[in-house]
Amino acid sequence: ADKIDVNMAYFKAFAEGFLQETASLLTDTEVAALAFSAQYMTFMMGLRFLTDYMAGDVYYKTEHLQHNLQRARAQFTLLTKMEEHAREMQEFVLHAYRNFCQL
């Protein structure tokens, strides 16, 4: 868990690349939800790993008995870290969106 953190450079590069191609197509609601959607997807993957672990590892391939539990914990740790960066993520998305709309 100590090694898990948000790589803001990756997030910014992804968000900027995505917005460069889609800014003119997105609604205000979609733009407002973009940063949160990264957290939502992380939560969803954590939940999927956890439910697969509880179901006996029937969906995801595992390398050891508690692999999906380990994956779930990693996703939930990442989610906690993302929550700590939520404001920065949101501000970056809005700033990048405004920049691309002005082009």
**Request:** List, by chain and then residue number, the residues other than Leu65 in its hydrophobic cluster (Ile/Leu/Val/Met/Phe/Trp/Tyr, side-chain heavy atoms under 4.5 Å); write none if there are no others.
**Result:** none
Under 3.5 Å, which donor-acceptor pairs do the side chains of residues 37-51 form with other protein atoms, sequence neighbours left out?
residue: Ser37; atom: OG; partner: Leu34; partner atom: O; Å: 2.4
residue: Thr42; atom: OG1; partner: Ala38; partner atom: O; Å: 2.9
residue: Arg48; atom: NE; partner: Tyr60; partner atom: OH; Å: 3.4
residue: Thr51; atom: OG1; partner: Leu47; partner atom: O; Å: 3.0
residue: Thr51; atom: OG1; partner: Arg48; partner atom: O; Å: 3.1

**Asked** Do Tyr53 and Asp57 touch side chain to side chain, with heavy atoms closer than 4.5 Å?
**Response** yes
**Message:** Checking His67 now: which residues fulfil ring pair (Phe, Tyr, Trp, His ring centres under 6.0 Å) with it, not counting sequence neighbours?
**Reply:** His64
**Prompt:** What is the minimum heavy-atom distance between Thr62 and Arg71, and which atoms define it?
**Reply:** CG2-NH1, 4.2 Å
**Message:** If we ignore hydrogens and angles and just use 3.5 Å, is the side chain of Asp5 paired with the main-chain N or O of Lys81 as donor and acceptor?
**Reply:** no
Without placing hydrogens or testing angles, list every side-chain donor-acceptor pair under 3.5 Å for residues 84-93, not counting sequence neighbours.
residue: His85; atom: ND1; partner: Glu88; partner atom: OE1; Å: 3.4
residue: Gln90; atom: NE2; partner: Ala32; partner atom: O; Å: 3.3

**Asked** In terms of hydrophobic clusters joined by side-chain contacts under 4.5 Å, are Leu69 and Leu78 together?
**Response** no
**Request:** May I have all residue pairs that pass salt bridge (Lys or Arg N to Asp or Glu O under 4.0 Å) and include part of residues 25-40, sequence neighbours excluded?
**Result:** none
**Message:** To the closest 0.5 Å, what do you measure between CD (Gln75) and CG (Asn68)?
**Reply:** 11.0 Å
Can you list, pair by pair, the side-chain donor-acceptor contacts under 3.5 Å of residues 11-21, counting residues two or more places apart and other chains?
none

